[in-house]
Amino acid sequence: MPASVSPENKAGTPVTPDLMHRLDRAFFERDPVDVAPQLLNKVLASADGRMGRIVEVEAYCGSRDPAAHSFRGKTRRNATMFGAPGHLYVYFTYGMHFCANAVCWDDEPGMGVLIRALEPVAGIERMREARGDIASLSLLCSGPGRLCQALGIDRKLDGADLVSGTHGIGLYDDGAEPPAEPASSERIGISRATEHAWRWFVAGSPHLSRKPSTRR
DNA sequence: GGTAAGATCAGC
DNA sequence: CTGATCTTACCA
């Protein structure tokens, strides 16, 4: 196990650098409802070695999803979502947070998967610094805004190609399978289209944005 | 041009 | 539960 993976992280699956490989572009050329659960246990990595395993995602389904930024069509803000699949859509929200999505599907543009939580697996000291030296590992990347802060994802990375990883952020498969039966729930923090169970997560992970038995 | 709401988070 | 903080989109 890498030295940067602390004992507190023992419940997780450390990355195996030799096995890390790119995803096929075709992986993203599907409906985000299919892509999202398949993204669980994939590895998001910044250029400087900060890495986290995806433990929570949500699908946003464009013109058939009133909760999606892209619901009403292309704008300056969401333009990346209408671009090529496999790229990163980063947006700024609530006056202080960034959130990151993997752009999906090629039949109809404007779809994506929001990455909501990571299990930190490498570069953890850098993540801590970026997060203001937060102590708790389970609060380091447990939310869409937190993980962006931890990995240094901001508007400069909007449009970055996650497949090639050449723009400072990449998404990799290290051989870890997604859960055979991922847990799902309603999406968090939205006020419209709440009827869909389009949030998927690794059951029991301590790194989720909502811990078990908390609800609001 | 004005404004309300927002795919959130930290602190009380 | 609330305040922070500011961009965007929508409406006039």
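The sequence lines fix the lettering, A, B, ..., with proteins before strands; numbering per chain opens at 1. Only this structure's heavy atoms are used, side chains among them; waters, hydrogens and symmetry mates stay out.
Surrounding CD of E195(A) are more than 12 heavy atoms belonging to other residues, nucleotides or ligands, all under 6.0 Å away.
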Base, backbone or nothing for each nucleotide of nucleotides 6-12 of chain C, written B, S, -, heavy atoms under 4.0 angstrom, 5' to 3'?
BSSSS--
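Each of L139(A) and G189(A) was matched to the nucleotide of DNA chain B holding its nearest heavy atom; the match closer to the 5' end belongs to G189(A).
Remark: R131(A) is not in phosphate contact with dC9(B), judged by side-chain N or O atoms under 4.0 Å from OP1 or OP2. Residue S191(A) has no polar side-chain atom (N or O) positioned under 4.0 Å from OP1 or OP2 of dA5(B).
Using a 4.5 Å cut-off on side-chain heavy atoms (C-beta onward), R53(A) and L118(A) make no contact. Residues L137(A) and R128(A) have side chains in contact (heavy-atom distance under 4.5 Å, counting atoms from C-beta outward). Looking at L44(A) and I153(A), their side chains come closer than 4.5 Å, going by heavy atoms from C-beta outward.
With hydrogens and angles ignored, the 3.5 Å screen pairs a side-chain donor or acceptor of D174(A) with a backbone N or O of A176(A). Formation of a donor-acceptor pair under 3.5 Å by the R155(A) side chain with backbone atoms of V90(A) is not found in this model.
In terms of heavy-atom proximity, C61(A) sits nearest to D31(A) at SG-OD1, 4.4 Å.
The residues R187(A) and E58(A) are annotated as not salt-bridged, no charged nitrogen and carboxylate oxygen being separated by less than 4.0 angstrom.
Looking at residues 100-114 of chain A, you'll see that no heavy atom sits under 4.0 Å from any atom of DNA chain C. Within residues 143-152 of chain A, the residues that have a heavy atom under 4.0 Å from DNA chain B are, in order of number, G143(A), P144(A), G145(A), R146(A).
With R25(A) as the fixed residue, the side-chain contact (heavy atoms from CB on, under 4.5 Å) test singles out one of L162(A), D106(A), V163(A): V163(A).
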Test salt bridge (charged side-chain N to carboxylate O under 4.0 Å, His left out) on R199(A) and E186(A) and set out the steps.
CA-CA 6 Å; R199(A) 170 182 179 242; E186(A) 286 182 2; over 6 Å; no
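Ring pair H21(A)/Y172(A): centre-to-centre distance not below 6.0 Å.
Atom pair I188(A):CD1 and dT8(B):C1' shows a separation of 11 Å (rounding to whole Å applied). If you measure from atom CD1 of I134(A) to atom P of dC9(B), you get 11 Å, rounded to the nearest angstrom.
With centroids closer than 5.5 Å and planes inclined by less than 30 degrees as the test, Y91(A) and the base of dA7(B) fail to qualify as a stacked pair.
Residues satisfying the salt bridge (charged side-chain N to carboxylate O under 4.0 Å, His left out) criterion with R72(A), sequence neighbours excluded, are absent altogether.
Under the ring pair (Phe, Tyr, Trp, His ring centres under 6.0 Å) criterion, the residue pairs touching residues 92-137 of chain A are F92(A)-F98(A), with sequence neighbours excluded.
In DNA chain B, the stems built from three or more successive Watson-Crick or G-U pairs (distances below 3.5 Å) are B:1-6 with C:6-11, B:8-11 with C:1-4.
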